[in-house]
K.L.:
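My questions will all concern the structure given below.
Every chain is numbered from 1, with letters handed out A, B, ... down the list of sequences. These values consider heavy atoms only, across backbone and side chains, with no hydrogens, waters or symmetry-generated copies.
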Amino acid sequence: MNGSSAHKRQVYMDHAATTPTHPDVLAAMLPYFTQEFGNPSSLYSIGREVRRAVEGARMQVAAALGAAPGEIFFCAGGTEADNWALKGAVSAQRGRGSHIITTAIEHHAVLHTCEYLEKQGFRVTYLPVDRYGLVDPDAVADAICDDTILISVMMANNVVGTIEPVEAIGEIAHRHGILFHTDAVQAIGHVPIDVEKMHIDLLSLSAHKFYGPKGIGALFVRDGVAIERFIHGGAQEKGQRAGTEYTPGIIGLGAAIERACRDIEGHAARLRRLRDRLIDGVLRTVPHSTLNGHPALRLPGNASMSFAGIDGEALLLMLDAEGIYGSTGSACSSASGEPSYVLTAMGVPPRRAGASLRLTLGELNTDEDVDYVLDVLPGIVERLRAMSPRPA
Amino acid sequence: MNGSSAHKRQVYMDHAATTPTHPDVLAAMLPYFTQEFGNPSSLYSIGREVRRAVEGARMQVAAALGAAPGEIFFCAGGTEADNWALKGAVSAQRGRGSHIITTAIEHHAVLHTCEYLEKQGFRVTYLPVDRYGLVDPDAVADAICDDTILISVMMANNVVGTIEPVEAIGEIAHRHGILFHTDAVQAIGHVPIDVEKMHIDLLSLSAHKFYGPKGIGALFVRDGVAIERFIHGGAQEKGQRAGTEYTPGIIGLGAAIERACRDIEGHAARLRRLRDRLIDGVLRTVPHSTLNGHPALRLPGNASMSFAGIDGEALLLMLDAEGIYGSTGSACSSASGEPSYVLTAMGVPPRRAGASLRLTLGELNTDEDVDYVLDVLPGIVERLRAMSPRPA
Amino acid sequence: MYNETVMDHFTNPRNVGVIEDADVVAETSSPGCGDITKIYLKIRDNRIADVKFQTLGCAAAIASSSMATELVKGKTLEEAWKLTRKDVADALGGLPEPKLHCSVLAEDAIRRAINQYRIDRGLAPW
Amino acid sequence: MYNETVMDHFTNPRNVGVIEDADVVAETSSPGCGDITKIYLKIRDNRIADVKFQTLGCAAAIASSSMATELVKGKTLEEAWKLTRKDVADALGGLPEPKLHCSVLAEDAIRRAINQYRIDRGLAPW
Ligand SMILES: Cc1ncc(COP(=O)(O)O)c(C=O)c1O
Ligand SMILES: Cc1ncc(COP(=O)(O)O)c(C=O)c1O
């Protein structure tokens, strides 16, 4: 998709929304659509071959997290994993209490699930964040009550890219004997993960964020942690998650996570260099532009910035007309036009926030892409400000 | 997979468990993995292209059911659709009552969900079936109480292939103002469906049963019928089913359902002829063999039979060694070794039932496949009976 | 999401800018989304001789301002007063449901400007 | 699901059949899954001179019968009595967890046969 088309360069900088399936990953998946299509739960030999491949993928996912294969459960994506983790954990823990701690900047998959749980009678504390989007581990400790049964804090934020102090929070959770869930959907392939060291009991991930296919994800459930099943039916996934397995997707998830975690540091260094060129260039050439999120503790591909005096959607569409694809916040709320609740939680007043633009770099991007954005973006901001009664 | 390999013919007769993705369907999907990979919820133009394709697939699914596109919600498969339909409907209807009517022969996706709902305080009536596996509409009417809020009866059974009188049951449900759900996972492409005529409020389907990909399905929700959402998060599927869409799968589901419903009668006639040759041949050549299910009201590809005096798994594995792939009951219970609860519900005593074998024919099968099974099966049954202390 | 007319009025907005010697200037903002529209009117013989706008807002807000100013230009104040957001949305060939509220800004700013003009001249506001 | 040893004993079971002039015959069935195993023993000088089985059951049940009869052939009755389902499963190189109960049938039928043999001879059952 990148490179120059007939008339215009196309620059995809929305890797945090989704990524293309890598050709090697797709190649690994293809035989399982048409040839090795057997049902892995079947008795006969063809199903057994597929089962072997599925278990291979489970080992790949486990290896990426420092987990055991028996702790990995495949499901349909990050959102299902978040729903299952939260609903499943609090149902299983109901006898012990009804208080949940999370943060104000979680993805909607966690936030809306928490709101649903509030209606079911659970109490939820939404911890604030500082102006960089960081959760304070001390605030987590302070929020713990006698009846706290679950703490859920994301590993890295999807809007501003801030990387949370998950290890410190996990340590606090475990010291108090409270289950700890982390939404690692944005972190895989960017942040080295070790569920032991980080004291993680439950972890959500989604393949399409790291060049795997859409529609497949996994939930890590620490051995010995009981959560209620979420989808009832057949005996798939040891009876914990029913439904005929999306076998090509599982194979793709395995291949993609191995690829993504093979050289996290090298990959991150490459992205960070491109991203810093982009951020520095924009901040230098566009007046009244600011970086959102933490300057250092951020995902290597995330460039989230605000431009006072203009609107985010207008900026996005103007960029789109020039072949630059970014987003204003998280893709799922793009239709609503509301200012991102993440920025609001970081204390940015809606008016002052101005246009927030999230450009997330990834494997598709090159130095030429950065050059092109640096070429085009300042003029567009200027054009929009020229139309504005409050040009910043 | 079929045709003769180096040493031995391979005959796949487990189409009710799963089918290969048809090459045309896969071809329709492929661009959406690597090229048109944009997030359909994104604002920019690439996401908009994908959204158009997704809406095209929604129209294809709607057309196959006689529904409106706005009534189709994509999800991860038949099991999720069943879970969502049941849990979502009774949650939304909770104020009106707490009684559910279903049958003893539903798929585990419905039965285990009902057992879960019983633990949540709902009352469930599991209707019996006759010796052919048929549900009696009068029994449905008789089971209705003042507080009945949902009736769920499958369109066709997965083990014995019996086609249920769904239209009559839907009519009764609607006369009483009760929601009617049907699990049509096995019926699509074999039974013409019209949700209007059949008075269906909720219908589950799964693409991998009709030459579409695994990991994608849909729930039809009649316009005006309120069900609680099952997966909370982003605004996908009009906010009813969150999670980044498995776009290649959705495109594949659309292509597959259009293909499957293009010529249901021609397709069914072809299968029926093959299947009747198979059934007639087996019943004639193997003593003490019986057909399970209804002789006429059955899925065109289903040949479910029992062989007194032997065990189903042993039969299956012997057939497997000869390259014939079938199943004993539903694939998901294959590890348990229990006699099928469906046969038990039909009044077949476990001992007398003997080995139940389900051969389900489909597009992969030819007359030569039927010949091969007729060639091999009688000898295997004989061999196993020779080992048995009760040779029938 | 947006049709071609909307995209055209967004990318090439008509009447954008400032009238230095305007007869009246008015501004509205939407408390919800923070959009702001400012309208400049030049009025001759009870007619809108010239109109300009500035908008801080999404594509729908900018396109609505552009279309609304086109629709009132040359009209009498009475005619201009009758312009509704529906007229604007219709002239644009429709707006997506969640963006309908954005078209209210232009209507609102034009009416404010007309009333301000009347008040400045000692007339009762409409 | 099954290892090669199990599959071998399933597809080529040893000692399958009937001993017409058996000294003792015993049968066990599993109420759960309906499997049945019948054991025929020929005993000479307190040793199992010949053994045959018939089994109606799954691959695990058939393979267990095959292996169990192999293990007791030529053994004294005391030795044969000590055979456990674990010995059988181990000799088969393991059985899948949900199939472990199938190996109990052979053990059980052999013990029944031995006790019946003792009772027939006026001895107390073990
Ligand atoms: C932090 C975070 N959590 C959860 C999700 C949901 O994942 P999915 O869309 O794969 O269901 C996303 C992405 O959409 C995300 O960025
Ligand atoms: C009747 C019936 N309902 C539901 C299902 C579940 O569908 P899936 O495995 O696609 O989740 C199946 C097949 O497994 C089925 O045959």
K.L.:
Kindly give the heavy-atom pair with the smallest separation between D:I36 and B:P389, and that separation in Å.
P.N.:
CG2-CG, 3.9 Å

K.L.:
What residue pairs, at least two apart or across chains, pass ring pair (Phe, Tyr, Trp, His ring centres under 6.0 Å) with a residue in residues 48-91 of chain D?
P.N.:
D:W81-D:W126

K.L.:
Got a sec, which pairs hit side-chain hydrogen bond (donor to acceptor under 3.5 Å, both in side chains) with one end in residues 107-116 of chain D, sequence neighbours left out?
P.N.:
D:Q116-D:D120

K.L.:
Rounded to the nearest 0.5 Å, what separation is found between the CD atom of D:Q54 and the CZ atom of B:R390?
P.N.:
9.5 Å

K.L.:
Once you round to the nearest 0.5 Å, how far does OH of D:Y2 lie from CD of B:E313?
P.N.:
3.0 Å

K.L.:
Which pair of heavy atoms, one from D:P13 and one from B:R383, lies closest together, and at what distance?
P.N.:
CD-NH2, 4.1 Å

K.L.:
Rounded to the nearest 0.5 Å, what's the gap from SG on D:C58 to CG on B:L316? Could you check?
P.N.:
12.0 Å

K.L.:
Write down the atom of D:G57, the atom of B:A314, and the distance for their closest heavy-atom approach.
P.N.:
O-CB, 3.5 Å

K.L.:
Should D:T55 and B:M387 count as side-chain neighbours, where that means a heavy-atom distance under 4.5 Å?
P.N.:
no

K.L.:
What residues of residues 59-69 of chain D make heavy-atom contacts with chain B at a cutoff under 4.5 angstrom?
P.N.:
D:A59, D:A60, D:I62

K.L.:
Please classify the contact between D:E97 and chain B as side chain, backbone, both or neither, with a heavy-atom cut-off of under 4.5 Å.
P.N.:
neither

K.L.:
Does B:H15 have any ring-ring contact (aromatic ring centres under 6.0 Å, His included) partners at least two apart in sequence or in another chain, and if so, which?
P.N.:
B:Y12

